[in-house]
Amino acid sequence: MSKRVFLNLKQRIEILRQYENGKSARKLAELFHCERTQINKIIKEKDLILKEYEDFKFRGVKRMRHEKFVDINEAVLEWFKTVRTTKIPVSGAMIQHKAKELADALGIENFSASNGWLDRFRIRNNITFLSLCGEAADVDSSLCEDWQERLPLLLAGYDDEDIFNMDETALFFRAFPIRA
């Protein structure tokens, strides 16, 4: 008896395509270095595999693992979306802390918001921690018009070398995280 070969989702889709084009299960087994029974099982579960392929974003995985804590994941995702729409930067530690809070609120005892859970949560929901830059949402645009008139008067007594932007200093030691 040979060792079972795990085929990822992309390979299973390729098997289905080649089977549709007329290749036999025996030839496909030789081509993909697996047993004919495995090929027959893939052909039998065609609809399920095609649905997985349409729904799943990351097709390189070998096995589909289903979420254990669907309620927590949905609640954390809703919280994340709400916080991000208000332009507040969110770190991984903040997501983990909120997940623990929500698990307690939902009465789920055996949940651990580990780094592995965070990584899988980020991958499932396509969340990346990027540096936030720019100040587009920081100031109301109506306030800017008044400052465009007042700024030259305020800067009149200073040299250009003595004027700097606060973003360029190291004064933000205890500021919010800059990662989204």
Side-chain angles (χ1 to χ4, degrees), residues 5-14 48-152 154-155 158-180:
V5 176
F6 289 103
L7 301 169
N8 65 32
L9 194 53
K10 193 173 182 180
Q11 290 170 321
R12 289 182 279 164
I13 292 295
E14 183 59 31
L48 179 65
I49 292 170
L50 290 174
K51 185 179 181 320
E52 272 181 19
Y53 187 76
E54 289 173 7
D55 294 344
F56 201 59
K57 300 171 196 161
F58 305 96
R59 294 173 173 85
V61 297
K62 298 217 179 213
R63 298 181 194 178
M64 288 295 297
R65 292 186 174 98
H66 300 287
E67 299 178 48
K68 288 183 182 178
F69 304 104
V70 177
D71 295 338
I72 294 172
N73 292 337
E74 289 176 358
V76 172
L77 184 61
E78 285 302 313
W79 169 81
F80 179 80
K81 288 178 181 178
T82 304
V83 171
R84 288 300 299 136
T85 56
T86 59
K87 306 277 192 241
I88 296 174
V90 180
S91 67
M94 290 171 68
I95 293 174
Q96 288 174 310
H97 182 72
K98 190 62 176 183
K100 288 177 188 174
E101 282 181 3
L102 292 169
D104 292 340
L106 293 171
I108 299 171
E109 298 173 6
N110 58 349
F111 175 74
S112 171
S114 64
N115 290 336
W117 172 85
L118 178 64
D119 289 339
R120 289 186 303 274
F121 177 79
R122 287 181 46 234
I123 289 169
R124 268 193 310 272
N125 297 301
N126 200 19
I127 295 172
T128 56
F129 293 128
L130 302 173
S131 292
L132 292 177
C133 59
E135 301 172 3
D138 291 346
V139 180
D140 184 20
S141 60
S142 63
L143 296 174
C144 293
E145 295 170 4
D146 182 42
W147 271 100
Q148 287 177 346
E149 296 171 6
R150 291 179 48 198
L151 189 61
L154 292 171
L155 300 177
Y158 298 98
D159 290 335
D160 289 341
E161 305 168 347
D162 297 331
I163 301 169
F164 63 94
N165 186 349
M166 287 297 288
D167 290 352
E168 298 169 2
T169 66
L171 299 177
F172 293 112
F173 178 70
R174 294 195 177 263
F176 279 117
I178 59 170
R179 299 253 174 212

Novice: With heavy-atom distances below 4.5 Å as the criterion, would you say the side chains of N110 and I108 are in contact?
Specialist: yes

Novice: Side chains of V90 and W79: does their closest heavy-atom pair fall under 4.5 Å?
Specialist: yes

Novice: Rounded at 0.5 Å granularity, tell me how far CD in Q11 sits from CG in L9.
Specialist: 10.0 Å

Novice: Atom CD1 of I127 and atom CG of D119: how far apart are they, to the nearest 0.5 Å?
Specialist: 11.5 Å

Novice: Where do A103 and F111 come nearest, in terms of heavy atoms and distance?
Specialist: CB-CD2, 3.5 Å

Novice: If you measure from CG on L77 to CD1 on I72, what distance do you get to the nearest 0.5 Å?
Specialist: 13.5 Å

Novice: Going from CG on N115 to CZ on R120, what distance comes out if it is rounded to the nearest 0.5 angstrom?
Specialist: 10.5 Å

Novice: Do N8 side-chain atoms and K10 backbone N/O form a donor-acceptor pair below 3.5 Å?
Specialist: yes

Novice: Supply the atom-to-atom distance K81 NZ to N125 CG, rounded to the nearest 0.5 angstrom.
Specialist: 7.5 Å

Novice: For A113 and K100, work out which heavy atoms get closest and say how close.
Specialist: CB-CG, 3.9 Å

Novice: Apply side-chain contact (heavy atoms from CB on, under 4.5 Å) to residues M94 and K98 and explain how you reach the verdict.
Specialist: CA-CA 6 Å; M94 290 171 68; K98 190 62 176 183; over 6 Å; no

Novice: Please check this pair: side chain of R122 against backbone of L118, looking for a donor-acceptor N/O pair closer than 3.5 Å.
Specialist: no

Novice: For residues V83 and T86, report the shortest heavy-atom separation together with the two atoms involved.
Specialist: O-OG1, 2.6 Å

Novice: What distance separates T82 OG1 from I88 CD1, expressed to the nearest 0.5 Å?
Specialist: 10.0 Å

Novice: Taking C-beta and beyond as the side chain, do W117 and V76 meet within less than 4.5 Å on heavy atoms?
Specialist: yes

